[in-house]
There are 2 protein chains.
Amino acid sequence: MDNHGGWMETAFNTRDPVYLQVVRLFKERIVTGLLAAGEAIPSRREIASLLKMNPNTAQRAYKEMEEQGLIVTEGNSPSRITRDEDVLRNIRSELLGEAVRTFMGSIRNMQVPLQEIVALVQEEYESDAQRRARKPGGEGA
Amino acid sequence: MDNHGGWMETAFNTRDPVYLQVVRLFKERIVTGLLAAGEAIPSRREIASLLKMNPNTAQRAYKEMEEQGLIVTEGNSPSRITRDEDVLRNIRSELLGEAVRTFMGSIRNMQVPLQEIVALVQEEYESDAQRRARKPGGEGA
DNA sequence: CATGGTGTATGAACCACTTAGTACACACAC
DNA sequence: GTGTGTGTACTAAGTGGTTCATACACCATG
């Protein structure tokens, strides 16, 4: 594997703090099963190198994950994804719920009929699927 | 009317720039018909006072709207909502499309089935409606 | 013509985040 | 023990964008 576990293909936006985007990145990889409970993750310096960021930013992201109970670190061995199934289970609904609430909140004042919202979501969903089909994307496992 | 046209009831978040939130606020009021084509809007200093912000922030918001063709200003008379129907028509789909794209993009990597997304959206929609029912909210016109 | 309103311009101040630099304790391999 | 890797901690500096403070030109009104 020459893309170092798929970390390279990541693009960050300039709006949100990078360290939070890293946290989100890990959460998404956990949700999709790319990262399993108890699995070792790259060191701070390594992930910083892969993601082309300052090691301190990586450290901040890891610290944040540590505080959220997402990863655990003992001694100076590589940090690992937590084995707490409750925590892991909650990530998905947390991310999903947050996204839905943000979305609905952003259009709350516009009085959009539910039917129209659903239609737009479906439309975008299929449009997404098509984009995915054109570009192979990375489903290696 | 003692709430000065309904401007007072506005709450801003600390995440996004205030001036952009103001722009969005105007767009929403246009979409919902609270602001009509050609209608005069408050002066920079006035809106700043109503919204409790610095006049320069208001100025920046207005400048942004000016550049987007949303409002027009001639001389030192009050700025007005544009009469360009094309522009006005596009605001709704612009806001809506942007929201949907952001939402779907934020959950893209999680491989959530369309069915589940729709269910969550419906759920949040009804939950919203109930919140709205409890608190009268402001539908004065 | 002075006063008070308008829109406009400009530079300083501020703030969160990022980066940089350095340091320390620990552990494993040679 | 030396070297290299790990996690951790702290301070300082830089950066980009937002907001604040102030000033100016214009126009209407009295």
Side-chain angles (χ1 to χ4, degrees), chain A residues 4-5 7-8 10-27 35 38-83 102, chain B residues 4-5 7 10-27 35 38-83 98 102:
Chain A
H4 297 272
W7 290 111
M8 302 288 294
T10 311
F12 294 115
N13 67 64
T14 52
R15 263 204 130 100
D16 309 302
V18 175
Y19 78 95
L20 288 181
Q21 296 184 56
V22 174
V23 172
R24 184 183 182 89
L25 181 58
F26 273 85
K27 288 184 178 176
L35 284 177
E39 185 174 345
I41 60 177
S43 77
R44 278 75 165 158
R45 291 171 176 88
E46 189 179 354
I47 197 73
S49 165
L50 291 174
L51 262 39
K52 297 186 179 64
M53 71 182 67
N54 192 287
N56 283 320
T57 306
Q59 160 64 5
R60 181 151 188 196
Y62 276 33
K63 185 178 184 180
E64 176 72 21
M65 291 194 284
E66 195 96 40
E67 288 170 357
Q68 290 189 23
L70 247 144
I71 64 174
V72 291
T73 309
E74 31 190 52
N76 62 350
S77 50
S79 300
R80 297 183 169 279
I81 304 296
T82 181
R83 286 194 175 79
T102 301
Chain B
H4 298 271
W7 289 111
T10 311
F12 295 115
N13 67 64
T14 52
R15 263 199 130 106
D16 308 303
V18 174
Y19 78 95
L20 288 181
Q21 296 184 56
V22 174
V23 172
R24 184 180 184 91
L25 180 60
F26 273 87
K27 287 184 178 177
L35 284 177
E39 184 174 345
I41 60 177
S43 78
R44 276 74 166 162
R45 289 172 176 87
E46 190 177 354
I47 195 74
S49 166
L50 292 174
L51 264 38
K52 298 186 178 61
M53 71 182 69
N54 192 285
N56 283 317
T57 306
Q59 159 64 5
R60 178 141 190 203
Y62 277 33
K63 184 178 183 182
E64 177 72 21
M65 292 194 283
E66 194 97 42
E67 289 171 355
Q68 291 188 23
L70 244 145
I71 65 174
V72 291
T73 309
E74 31 191 48
N76 61 350
S77 50
S79 300
R80 296 181 170 280
I81 304 295
T82 182
R83 285 194 176 77
E98 187 183 321
T102 300

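Throughout, protein chains are lettered first and strands after them, A, B, ... in sequence-line order, and every chain is numbered starting at 1. These numbers were taken from a predicted model, which means no experiment stands behind them. Just so you know, these numbers use all the heavy atoms, side chains as well, and skip hydrogens, waters and symmetry mates.
Remark: C1' of C:dT10 and NZ of B:K63 are 11 Å apart, rounded to the nearest angstrom. Taking atom CD on B:Q59 and atom P on D:dG17, their separation rounds to 19 Å, with Å as the unit. Atoms CD1 (B:I71) and C1' (C:dG7) sit 11 Å apart, rounded to a whole Å. A:E46 has its CD atom 11 Å from the P atom of D:dG5, to the nearest Å. For the pair B:M65 CE and C:dG7 P, the computed distance is 11 Å after rounding to whole Å. For the pair B:R80 CZ and C:dT6 P, the computed distance is 14 Å after rounding to whole Å. Distance A:E74 CD to D:dG7 C1': 12 Å, rounded to the nearest Å.
Residues passing the side chain to side chain donor-acceptor pair (under 3.5 Å) test with A:R83, sequence neighbours excluded: none. Not counting sequence neighbours, B:Y19 has no partner by the ring pair (Phe, Tyr, Trp, His ring centres under 6.0 Å) test. Qualifying side-chain contact (heavy atoms from CB on, under 4.5 Å) partners for A:N76, counting only residues two or more places apart in sequence or in other chains: none. Applying the side chain to side chain donor-acceptor pair (under 3.5 Å) rule to B:R24 yields the partners B:E28; only residues at least two apart in sequence or on another chain are considered. The side chain to side chain donor-acceptor pair (under 3.5 Å) search around A:S43 returns none, not counting sequence neighbours. Not counting sequence neighbours, the partners of B:Q68 by the side chain to side chain donor-acceptor pair (under 3.5 Å) test are B:K27, B:E64.
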I'd like a table of donor-acceptor pairs (distance under 3.5 Å, sequence neighbours excluded) in which one partner is a side-chain atom from residues 48-58 of chain A, with atom names and distances.
{"from": "A:N54", "atom 1": "OD1", "to": "A:N56", "atom 2": "N", "distance (Å)": "2.8"}
{"from": "A:N54", "atom 1": "OD1", "to": "A:N56", "atom 2": "ND2", "distance (Å)": "3.4"}

(request) Classify every nucleotide of nucleotides 20-30 of chain D by which part a protein heavy atom approaches to under 4.0 Å, writing B for the base, S for the sugar-phosphate alone and - for neither, in 5'-to-3' order. (result) BBBB--BS---
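Between D:dT6 and A:S43, a contact under 4.0 Å exists linking OP1 or OP2 to a side-chain N or O.
Residue-environment remark: CD (A:E67) exceeds the threshold of 12 foreign heavy atoms within 6.0 Å.
For DNA chain D, the neighbouring residues in residues 12-25 of chain B, judged by any heavy atom under 4.0 Å, are B:P17, B:V18, B:Y19.
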